[in-house]
Amino acid sequence: MDTIATTERMKQLARAAARAGRRIGLVPTMGALHEGHLSLARRARAECDLVVLSIYVNSLQFGPSEDFRAYPRDPVRDGALARGAGVDALFVPDEGEIHLDGHRTRVEVEGLQDTLCGRSRPGHFRGVTTVVAKLLAIVRPAAAYFGEKDAQQLRILRRMARDLHDDCIIVGCPIVREADGLAMSSRNVYLTPDERRAAPVLHRALRAATEAARGGEASAARLTALVRETIAGEPLARIDYVEAVDDETLEPVREVRGKAVLAVAAWFGRARLIDNVVLGC
Ligand code: PAF
């Protein structure tokens, strides 16, 4: 496995792959790799000729009071895990490689970026789209792989690629969970033992709502109330939002008729965790 630190070398590798007709699969990450990331790398391995996994802790997507400095970093472990998942090249640019001197460009997906997590994390998605647009321009992948846990991010990136006429396929991959249902996240390391025991309530709450929807409940108000009530039974959880939104526009829905995302964000101590389920599919 190659480790590439400069944009210039990454572009050379991408050009060589294009000349040889090899499809690149990109897995953008911020490191602190877990099974969720590795499932993306394995999917890229199965579908592409050359797998590039990028590790870049993107300061632009953290708010001033968020955990940019504390964000878990473990490059040696990440390298070993990436190699084991079949990654061909690890792209590990520093800030100066991503943002050239005097850079002025930001990428925004209007509307979609302002709801759900965008409300409690202003500027977050602008940071994500700006950096992912740059990674796509540098690596020129045929496909890029993202987890469905970040439901809003996935839909924003699909819209961005479409709006920018970028032919890269944005692939969403299923949420990978711990045995007790907790969605894997690099931020799970912030949980104390008690909070870790409490956190699977998010999955339990979404499962209860999924069952109710399968049983014919279509009212978004009643489904979100069920999620809230289930989470309220867990004193260590503090809800940020529970919403049922349209699968594509992320606008709130009143009735779950077509495909809808039931999304939740909640605090457990200093960890803000998200989870979701797609209903009606
Ligand atoms: O999902 C993430 O880890 C990040 O938001 C991403 C897509 C790597 C952009 O920095």
Side-chain angles (χ1 to χ4, degrees), residues 27-47 53 67 71-72 74 77-78 81-82 84-87 116-117 144-155 157 170-214 223-224 226-234 236-245 247 256 259-281:
V27 182
T29 81
M30 299 205 298
L33 300 184
H34 52 66
E35 246 335 283
H37 298 115
L38 302 181
S39 74
L40 308 181
R42 288 188 205 107
R43 172 94 174 257
R45 176 74 285 155
E47 296 181 354
L53 184 140
D67 55 342
Y71 197 80
D74 196 342
R77 182 172 176 275
D78 286 349
L81 290 173
V87 169
L116 302 173
C117 290
Y145 296 81
F146 300 89
E148 283 170 0
K149 178 172 72 72
D150 298 291
Q152 186 174 12
Q153 168 172 283
L154 180 61
R155 283 152 183 82
L157 291 173
I170 304 294
V171 182
C173 301
I175 299 175
V176 178
R177 299 184 180 279
E178 304 285 357
D180 59 8
L182 176 64
M184 292 208 184
S185 162
S186 304
R187 289 191 166 97
N188 289 351
V189 298
Y190 298 151
L191 297 168
T192 63
D194 283 346
E195 289 159 2
R196 172 64 190 80
R197 277 189 288 277
V201 72
L202 298 186
H203 180 53
R204 276 204 310 282
L206 291 172
R207 252 192 3 224
T210 307
E211 284 309 308
R214 282 199 189 120
L223 289 169
T224 52
L226 180 56
V227 173
R228 285 179 179 280
E229 280 155 24
T230 311
I231 297 175
E234 183 42 77
L236 291 180
R238 186 163 55 83
I239 293 175
D240 178 2
Y241 67 75
V242 179
E243 281 195 56
V245 296
D247 183 68
V256 176
K259 241 171 132 188
V261 184
L262 186 56
V264 56
W267 289 93
F268 295 81
R270 68 186 181 106
R272 183 179 174 281
L273 304 183
I274 58 174
D275 204 342
N276 70 88
V277 67
V278 180
L279 300 174
C281 58

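Computed from a predicted model, the values in this text were never measured in an experiment.
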d(I231 CD1, R204 CZ) to nearest 0.5 Å is 10.0 Å
Taken to the nearest 0.5 Å, the spacing of I175 CD1 from S185 OG works out to 11.0 Å
Closest non-hydrogen atoms of G31 and S186, given as atom of the first, atom of the second and distance, are O-OG, 3.7 Å
Across all chains, not counting sequence neighbours, the ring-ring contact (aromatic ring centres under 6.0 Å, His included) partners of Y71 are F62
Using side-chain heavy atoms (C-beta onward) and a distance below 4.5 Å, is L81 in contact with H37? no
> Between the main-chain N or O of R187 and the side-chain N or O of R272, is there a donor-acceptor pair closer than 3.5 Å?
Replying inline: no
Taking side chain as C-beta onward, heavy atoms only, is R196 less than 4.5 Å from D180? yes
Taking N276 for the side chain and V264 for the main chain, is one N or O donor matched with an acceptor at less than 3.5 Å?
no
With distance as the sole test, does D78 use its side chain to make a donor-acceptor pair with the main-chain N or O of A32 at under 3.5 Å?
yes
Is the shortest distance from a Lys or Arg side-chain nitrogen in R270 or D67 to a carboxylate oxygen in the other one below 4.0 Å?
no
Should D275 and R177 count as an ion pair when the cut-off is N to O under 4.0 Å? yes
Taking every heavy atom of E195 against every heavy atom of G269, the minimum-distance pair comes out as OE2-CA, 3.3 Å
A44 and V27 have their tightest heavy-atom pair at CB-CG2, 4.0 Å
dist F268:CZ -> L182:CG (nearest 0.5 Å) comes out at 8.0 Å
* Short question: side chain of R42, backbone of G86 - any donor-acceptor pair under 3.5 Å? -> no
Contact check, side chains of T29 and L40, non-hydrogen atoms, under 4.5 Å: no
Of all heavy-atom pairs linking L38 and A85, the shortest is CD2-CB, 4.1 Å
Residues G172 and R43: closest non-hydrogen pair is O-NH1, 3.9 Å
Interatomic distance, CD@E243 vs CD@Q152, rounded to 0.5 Å, equals 9.5 Å
For the side chain of D74 and the backbone of L33, is there at least one donor-acceptor N/O pair under 3.5 Å apart? no
One should read off an interatomic distance between Y241 OH and C117 SG, to the nearest 0.5 angstrom, of 3.0 Å
Distance col, row I274:CD1 vs L116:CG, nearest 0.5 angstrom, shows 9.5 Å
Looking only at heavy atoms, the pair that brings A208 and T230 closest together is CB-OG1, 4.5 Å
Pair E234 + R197, salt bridge at N-O below 4.0 Å
no
| message | Using the rule given for side chain to side chain contact (heavy atoms under 4.5 Å, CB included), can you reason through L236 versus T192, listing the C-alpha separation, both sets of side-chain angles and the distance that settles it, and then say yes or no? | response | CA-CA 11 Å; L236 291 180; T192 63; 5.7 Å; no
